[in-house]
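Report on one structure; see the data block that follows.
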2 protein chains.
Amino acid sequence: MRPQFLYEKNLQGVANSVKRKQEQYRKIVRHLYYNGAASIAEIVKAVKISQPLVASLVDDLMSYGMLLDKGVGESIGGRRPNLFCLNSEYQYVIGVDINLHTLNLAVFDLSNKQIFREEIKYFDLENSNDYLNSLVDKIESMISQLGISREKFLAVGISIPGLVDAKQGLSHTHLSVAENGLARVLGDRLGINVLLDNDARTMALGEKAFGKAIDKENVLCLNLSNGIGLGMILNGELHSGKNGFAGEFGHILIDPEGKLCYCGKIGCLETLTSGKILVKNIREAVDKGQPTLLANYKKENKKIDLRAVVEAILQGDQFAIDQLNQMCEYLGKGLVTLIHLLNPEMVIIGGKIAHAGKFVIDPVTMSMNKYAMSRISSETELVCSDLLDDSALMGTMANVMRSVLSLD
Amino acid sequence: MRPQFLYEKNLQGVANSVKRKQEQYRKIVRHLYYNGAASIAEIVKAVKISQPLVASLVDDLMSYGMLLDKGVGESIGGRRPNLFCLNSEYQYVIGVDINLHTLNLAVFDLSNKQIFREEIKYFDLENSNDYLNSLVDKIESMISQLGISREKFLAVGISIPGLVDAKQGLSHTHLSVAENGLARVLGDRLGINVLLDNDARTMALGEKAFGKAIDKENVLCLNLSNGIGLGMILNGELHSGKNGFAGEFGHILIDPEGKLCYCGKIGCLETLTSGKILVKNIREAVDKGQPTLLANYKKENKKIDLRAVVEAILQGDQFAIDQLNQMCEYLGKGLVTLIHLLNPEMVIIGGKIAHAGKFVIDPVTMSMNKYAMSRISSETELVCSDLLDDSALMGTMANVMRSVLSLD
DNA sequence: ATTCTTTTATAATTTTTTTTAAAAGTATTC
DNA sequence: GAATACTTTTAAAAAAAATTATAAAAGAAT
C-alpha cells in the first residue's frame with residue numbers, strides 16, 4: 001500500500017468497502033499517533049471496532065511497515081499485552097514557519113520529533129518570485145540533505161503572518177505573487193501536498209496538540225511579537241471564520257480618542273499595545289537620555305529590538321518593565337472583551353513577548369481584574385506558552401496531522 | 001419500542017449491536033426531520049447505509065409508528081419512489097420561552113408545527129418558588145388541555161435570560177431557588193426531560209434551524225430588547241464557552257470615558273445601546289417637551305415602552321428615529337469588534353428592536369462601514385430576523401431536536 | 001411498442017461481531 | 001515455593017449483520 005493512503009479522502013469511483021477500510025485504518029493510526037503505543041485491547045476500546053477485526057487491521061498495518069511491534073507491556077493482572085506503535089520513520093512532515101525576517105524549517109517524524117531543524121535569519125519576507133524560489137530551494141536542499149525520498153513526506157505545513165484563507169490555501173497579505181494560491185504553487189513545485197495557515201492559528205494548533213492547551217476545549221492563543229495575532233480554539237476546534245479572517249484582535253477598538261492605526265481606523269489595540277510600539281517608545285526615551293540598561297545597547301551600536309527589550313526586562317530593567325506594564329493595561333482591556341465574548345478556559349500568551357513570563361502575566365492579570373466581570377474572568381487561566389518560539393513550527397505539524405487523521 | 005428510544009444515549013450494559021441499531025435509526029430519523037419526506041434511495045445516499053438495510057430499518061420504524069408512508073413521489077426518469085416521512089404526531093416537544101415580563105408556551109409536533117401556543121403577559125420573572133409553581137402549573141394545564149399522554153413528550157426546551165450553564169442545566173441569574181439546578185428540578189416535577197439555555201443562544205439555534213442562518217456556518221445573533229444578548233454559531237455549532245457564559249456582548253468596553261454600568265465597569269456597550277436606554281432617553285425628552293408622536297402616548301396615559309418606541313419609528317417619528325440612529329452608531333462599533341474577531345458570514349438582529357427593520361439595519365450598516373476593515377466586514381451580511389418574537393421559542397424546539405438527534 | 005431509468009426486492013457474498021476457547025500472566029493460599 | 005484461582009490478552013470458530021450483486025417492478029423517454 002502506498003504510504004499516502006491516509007491522505008486520500010473523499011475518493012470517488014472507489015468501492016465503499018475500500019473507503020470503510022481506510023477509515024478503520026485511520027482510526028487506529030489516529031489513536032496511536034495521539035496516544036502513543038497501545039495494545040489491541042486498548043485500541044478496541046478507543047476505536048469501537050471489535051477485537052478480531054482490530055487485530056487483523058493491525059496485522060495489515062504491520063505488514064505495510066506502518067506499525068511496529070513494541071513487545072509486551074506491563075500487565076494489570078493477567079496476560080501481558082502486546083504493544084504496537086507507529087513506525088515513526090514511516091512518514092515525515094515538513095514544517096515551515098515564515099516570519100517577517102526569519103524562516104524556520106523542520107522535518108518531523110511520526111513521533112513529532114524534529115529530525116531536522118534550521119533557523120534562517122535575515123530571510124526577509126517579500127512579495128517576489130525570488131523569495132518563493134529561495135524558499136523552495138531551502139526546502140529542496142533540506143530534503144536532499146536528509147536523503148529521504150519524496151514519497152515519504154506526508155505534507156508540508158506552512159505558517160505565515162497576515163490574512164490567510166486556509167480552506168482555499170490562499171495567503172492574502174503576503175506572497176500574493178503565487179498566482180494560483182500559495183498552497184497550490186508550492187505544492188506543485190515541491191511535489192508534496194501543502195497546508196497553509198495564519199501564524200497565530202498555527203500557534204494555537206501547536207498549543208492544542210503539544211502545549212498547555214492539551215485537553216482544553218476553549219482556548220485563546222495570543223501571538224505577541226511586533227504585532228498582535230490571535231488564534232482561537234472554540235468547542236475544541238480551530239476557529240477561522242468564513243474566509244479565514246477571524247482573529248483580527250489587533251484591530252478592535254480600545255480608545256475612541258486614540259491614535260490613527262495603519263489600518264485606517266482610530267484607537268485600535270495595536271496602536272496602544274504591540275512589540276513595535278514598545279520598541280519605538282523605548283528607543284525614543286533612550287534618545288532623550290532615559291536611564292535604562294538599553295541605553296548601553298545604543299552606545300555599543302547594537303540594535304534595540306524586541307528581543308533586546310525582553311532581555312532587559314528579564315534583567316530587571318525598571319524602565320522597560322514600566323513600559324511593558326503600561327501596554328499590558330491596554331492588552332488586558334482587550335482581553336476582557338475576548339473573555340466576555342467567548343468565555344475561554346485558558347488564554348495562552350505566545351510570541352517574543354511571552355519570554356518575559358511573569359512580567360507580562362502579572363500586569364495583564366491586574367488589568368483583567370480591573371476591567372472584567374469576575375464571575376466570567378475567574379474561570380479563565382492566563383499563562384505563557386511553554387513552546388515559545390517553537391509553537392508555530394509545532395503547530396504546522398499538528399495542522400498536517402489533524403488534517404490527515406481527521407475522521408470524516 | 002418506546003418512543004423515548006432516541007433519547008437514550010451512552011447506554012451502559014447494553015450490547016453494542018443495540019447501540020449501533022439505535023444510531024442507524026437515529027440517522028434516518030435525523031435525515032427525515034431535517035430534510036422532510038424522502039425515498040429509500042435518498043436516505044441511502046444521505047446516511048451512507050446500504051439500500052437493503054435502510055429498507056429494513058424504515059420498515060421497523062414504520063411498524064413502531066414513527067414513520068409514515070407518504071405514497072409515491074415524482075420520478076426523475078424511472079420508477080416512482082415510495083416516500084416516507086416522520087409521523088409528526090409520534091412525539092411532541094414543549095417549548096418555554098421565559099422573559100422578564102412574559103411567558104411564551106408552545107407545543108411542537110415533529111413537523112415543527114406549533115399545535116399549541118400561548119402568550120402569558122404580566123408573568124413577571126422572580127426568584128421564588130411561587131414562580132416555579134405557577135410555571136409548572138401552566139405547563140401542566142397545557143398538557144392536560146391537549147390530552148396528550150406524558151410519554152409522548154420528547155422533552156421540554158426552555159429559554160431564559162441571564163447566565164446559563166446549559167451542560168449542567170443551571171440558571172445562574174434567574175430562578176436560583178431551584179436548588180438542584182433548574183433543569184433537574186423542572187424535569188423531576190414534570191416527569192419530562194428538560195433542556196435549558198440562555199435566550200440569545202436559543203434564538204441563535206432558532207435562526208440556524210428555521211431562520212436566516214439555515215445552511216450558514218458562522219452566524220452571530222443579536223437579541224436587541226431591553227438588554228443586549230448575543231448567541232453565536234461558530235463552525236456550525238453553538239458556542240457557549242467553558243461555563244456557558246459566552247456572549248456577554250453588552251459588557252464589552254466601548255467608551256473608556258463613559259458611564260458606569262450596573263455591572264460595575266465603565267463604558268460598557270449596554271450603557272450606550274439598549275432598549276432600556278432608548279426608552280429612558282425618549283421619556284426624558286418627552287418630559288422636556290420634545291415634539292414626537294410618543295408625546296401623545298403620555299397624554300393618553302399610555303406607557304412609553306420599547307414596543308411603543310418601535311411603533312413610532314415605523315410610523316416615521318423623526319425624533320425616535322434619530323435616537324435609534326445614535327444608538328446604532330455605538331452598536332455598530334461593538335459589532336465591528338465581533339466581526340474582526342470572528343469573521344462571521346451573517347449577523348442577524350433579533351429581539352424587539354428587530355421589528356424596526358431597515359431603521360436598525362441601515363444605521364448599523366453605516367456605522368460598520370465607518371469602523372470596520374472593509375475586507376472583513378464586506379464578507380458579513382447584516383439582516384433582521386424573520387422569526388422575530390418567535391425565534392427563542394422556535395429555538396427551544398431546535399435545541400431539543402439537536403440534542404436528541406445528535407450523532408455521537 | 002421498445003428501450004432506458006430509477007426504484008425496490010431478493011439472493012449471494014463479504015464483513016464484522018459475538019461467542020468460545022486457549023494462552024500467558026498475576027495474586028493468593030497452603 | 002508450588003498449586004490453584006483469577007485476570008487479561010489473543011486466537012479461532014460460529015453467528016449475525018451488512019453489503020454487493022442481481023433481478024424484478026414500474027414508470028419515463030423515444
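Everything numeric in this text was worked out from a predicted model, so none of it was measured. First the proteins, then the strands, lettered A, B, ... as listed; each starts at 1. No hydrogens, no waters, no symmetry mates; every other heavy atom, side chains included, goes into these values.
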Just the rounded figure in Å: distance from P of dT8(C) to CG of L53(B).
15 Å
Could you state the atom-to-atom distance from CG of L57(B) to P of dA9(C) in whole Å?
14 Å
Grab the CD-C1' distance between E74(B) and dT6(C) for me, whole Å please.
14 Å
Whole-Å distance, D59(A) CG to dT10(D) C1', equals 11 Å
Taking for V54(A) and for N82(B) the nucleotide of DNA chain C with the nearest heavy atom, the one nearer the 5' end belongs to N82(B)
Short side-chain to backbone donor-acceptor contact, E345(A) and E217(A), under 3.5 Å
yes
Counting side-chain heavy atoms from CB outward, which of dT7(C), dG27(D), dG25(C) is closest to R80(A)?
dG25(C)
Search all heavy atoms of A106(A) against all heavy atoms of R117(A) and return the closest pair with its distance.
CB-CD, 4.2 Å
Looking only at side-chain atoms of S50(A), point me to the closest of dT17(C), dA12(D), dT16(C).
dT17(C)
Grab the NZ-C1' distance between K45(A) and dT9(D) for me, whole Å please.
11 Å
Separation of I40(A) atom CD1 from dA24(C) atom P, in whole Å?
16 Å
D109(B) side chain to K113(B) backbone, donor-acceptor under 3.5 Å
yes
Looking at dT8(C), dA18(D), dT10(D), which one has an atom nearest to any side-chain atom of Q24(B)?
dA18(D)
Is K21(B) close enough to dA18(D) that one of its side-chain N or O atoms is under 4.0 Å from OP1 or OP2 there?
yes
Mapping R20(A) and R79(A) onto DNA chain C by nearest heavy atom, which one lands closer to the 5' end?
R20(A)
Can you label the angle between the Y25(B) ring and the Y64(B) ring as parallel, tilted or perpendicular, going by 30° and 60°?
perpendicular
Interatomic distance, Y25(B) OH vs dA17(D) P [rounded to whole Å]:
11 Å
K27(B) NZ - dA18(D) P separation (whole Å)
11 Å
Checking N235(A) against E237(B) for the side chain to side chain donor-acceptor pair (under 3.5 Å) test, could you report, in this order, the C-alpha distance in whole Å, the side-chain angles of both residues, the deciding distance, and whether it holds?
CA-CA 8 Å; N235(A) 289 331; E237(B) 296 285 328; 5.7 Å; no
Shortest side-chain distance from Q51(A), nucleotide among dA28(D), dT17(C), dT10(D)
dT10(D)
